[in-house]
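Bear in mind the structure is a predicted one, so any value in this text is a computation, not a measurement. Naming: A, B, ... by sequence-line order, numbering from 1 per chain.
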Amino acid sequence: MSDPTTPTRDGAEDLVRRTLAVRAEDMAPGDPAGAPPDLDRVGPIAPGRLGRSRRSVLLAAAVVVVAAATAGVALAARVGDGEAGRLTTVAEQPPSGGAQVAAITAPRALVDALRVERNVAVTTLLGLEGAIALPVSGTTQARSDTDAVLATFEAFVATSAAGSAYQSGLDGLDGLDGLRRDIDSYTGPGSLNDLDIAQDVSDRYAGLVAGVLDDQQAYALTIDDPVVRTGAVAYGEGLRLGEQTTQLVQASLLAVVVPGPESFAEAARLHAEVQGTLDTLVAVTAGTPFAGATTTLVDEVEQTGLIEAAERAIEGAGDVTVLLGTVDLQQGQGWPAFLDSVEEILVAES
Amino acid sequence: MTETRAGAGVDEFTLVYRAERNRLRRVAYLMTGQSAVAEELVHDAFVRLHQKWAKVDVPAAYLRTTLVRLCLAWRDRTAMGQAREPRTADRVEPPEIDETWDLLARLPRDQRVALVLRYYEDLPVAEIARVMGCRPATARTRIHRALAKLREEMTP
């Protein structure tokens, strides 16, 4: 895509581009969340007739809807309640139980901010800005929020003994500027036709997040206190679950739209991964103060129907509407609420 | 910061509608010069997509093609494309923008559509030809002639 307002050597072409770009703004945006008017109910989707681009639409839905559902709740709860200030304060203190908890939970605000920034980028590239509710006004605010959280995170890593565990993930975040530049280079009107670009952007953000999560898990295993160590491991697994569930919905949708050995295998792999994370949480936290939070999380995940819907997709009998419906995360539920609970217990235990 | 929830449960057609509608409204407006007509044509395009939903593999491409054909057909039946809508009062734009907009309104319908597809939608000539249902050479000629006419009539 090229920017229609970019001057060219041809004056007429330049004027046409500029005129069209300017006059297009005469059409005020319609209701971004509006439903199609005067249409009958959309009928069931026939999987056998869906082609690659229908798959793209569904994957776009998965990328945007799933991630927005999770990160929206999480970020509002974190950035708004002074997480950055708390990390700064802790970093200036000598090592203590509080500092240890801060190190365990440090990645969350950053991961949430990166997820929101990713969602804004993806929705913009797909032309869905305004159509999906996000907790920020746009790219500028999303990046500003990330930068603020990242600056605090960097200070934490630089000044705290425990924070140094995140040096590797922080180094990986050097790629953020390049990713943003690549996103900014796509300046044409967003469209679902740009799914390949959006998927690539989403994957690159996921890579940045994964580096930080790996550091968190490595740090958790260095903790001597068995209860705190368990909480740290559980916290990391909870953070990872957010990414895994997103990927499972995507893979399950793909298994519905493009059924076949490869898509079934990928959905099955991610299904096993999510199940494995939940099983790990149950096993690791059994008999610890974190067991109750785990039970609640497992119950809530089961109530969404995600596991069952994914199983049906793997068997070739998946339903798109059901799968999209599994991501409707209520405030105070799911992995964000689980992380809150684990953190509260960690603070109490410290 | 407002806590939000995504619109989970949104069906696939609605998602396409939300994603494509505003872009198509702008395209239709640029092709017709009439915002009310643009709204109607975009609506008609979505109705047609809805009717063909189970058979359409590429919704965005189907919508674009349908809209272009609706715009061309609409202008075949009427002369409304020559009319200008009043400008929004709170915007001041360089005079050459107004002049170019007027010149665009006077172009033959197929040339104006071709210019919108090329310079707003940023489509390559081959795709413009596919959408307009003509050969690439024809699409290229339409663009060339439209630009030549604009150059000829622009204030030096």
Side-chain angles (χ1 to χ4, degrees), chain A residues 1-2 4 12-13 15-24 26-27 29-30 32-40 42-43 45-46 49-51 53-54 57-58 60-61 65 68-69 72-73 76 79-80 126-128 131-135 188-189 191-193 320-321 324-325 327-329 331, chain B residues 1-23 25-30 35 38-39 43 46-47 50 53-61 85 87-88 91 93-94 96-97 99-101 104 115-116 118-122 146-148 150-151 154:
Chain A
M1 289 184 283
S2 66
E13 285 183 311
L15 264 178
V16 171
R17 280 184 194 278
R18 287 169 51 209
T19 300
L20 294 174
V22 167
R23 296 310 301 259
D26 288 352
M27 284 298 281
D38 303 328
L39 296 173
D40 296 328
V42 177
I45 296 167
R49 307 178 88 162
L50 297 178
S53 291
R54 291 294 286 276
V57 172
L58 295 172
V65 176
V73 173
V79 176
L126 295 175
L128 284 164
I132 302 291
L134 290 169
S191 166
L192 292 175
N193 290 328
V320 169
T321 304
L324 287 176
V327 302
D328 200 2
L329 189 64
Q331 187 185 1
Chain B
M1 189 174 295
T2 307
E3 284 189 346
T4 57
R5 287 173 49 205
V10 171
D11 62 59
E12 192 189 0
F13 182 86
T14 302
L15 195 75
V16 171
Y17 178 79
R18 290 180 179 178
E20 298 294 325
R21 179 182 52 161
N22 278 333
R23 184 178 63 81
R25 287 166 72 245
R26 294 190 193 103
V27 169
Y29 172 69
L30 294 174
S35 57
E39 296 279 9
H43 177 264
F46 275 105
V47 169
H50 185 247
W53 184 245
K55 299 179 181 177
V56 173
D57 284 343
V58 189
E85 290 192 340
R87 308 289 311 283
T88 43
R91 282 172 44 191
E93 287 148 11
E96 66 267 26
I97 298 293
E99 184 189 8
T100 307
W101 183 243
L104 286 171
L115 286 185
V116 171
R118 180 70 191 94
Y119 295 111
Y120 183 72
E121 287 279 84
D122 230 12
L147 289 174
L150 291 177
R151 288 188 194 102
M154 278 174 184

* Dump the intermediate steps for side chain to side chain contact (heavy atoms under 4.5 Å, CB included) on B:Arg151 and A:Leu15, then the final yes or no. => CA-CA 10 Å; B:Arg151 288 188 194 102; A:Leu15 264 178; over 6 Å; no

* To do: Identify the two heavy atoms, one from A:Arg23 and one from B:Tyr29, that lie closest to each other, and give their separation to 0.1 Å.
  => O-CE2, 3.2 Å

* Structure fact -> Between A:Thr19 and the options B:Leu150, B:Leu30, B:Leu115, B:Thr100, the side chain to side chain contact (heavy atoms under 4.5 Å, CB included) test singles out B:Thr100

* **pair A:Leu20-B:Glu121: side-chain heavy atoms closer than 4.5 Å** => no

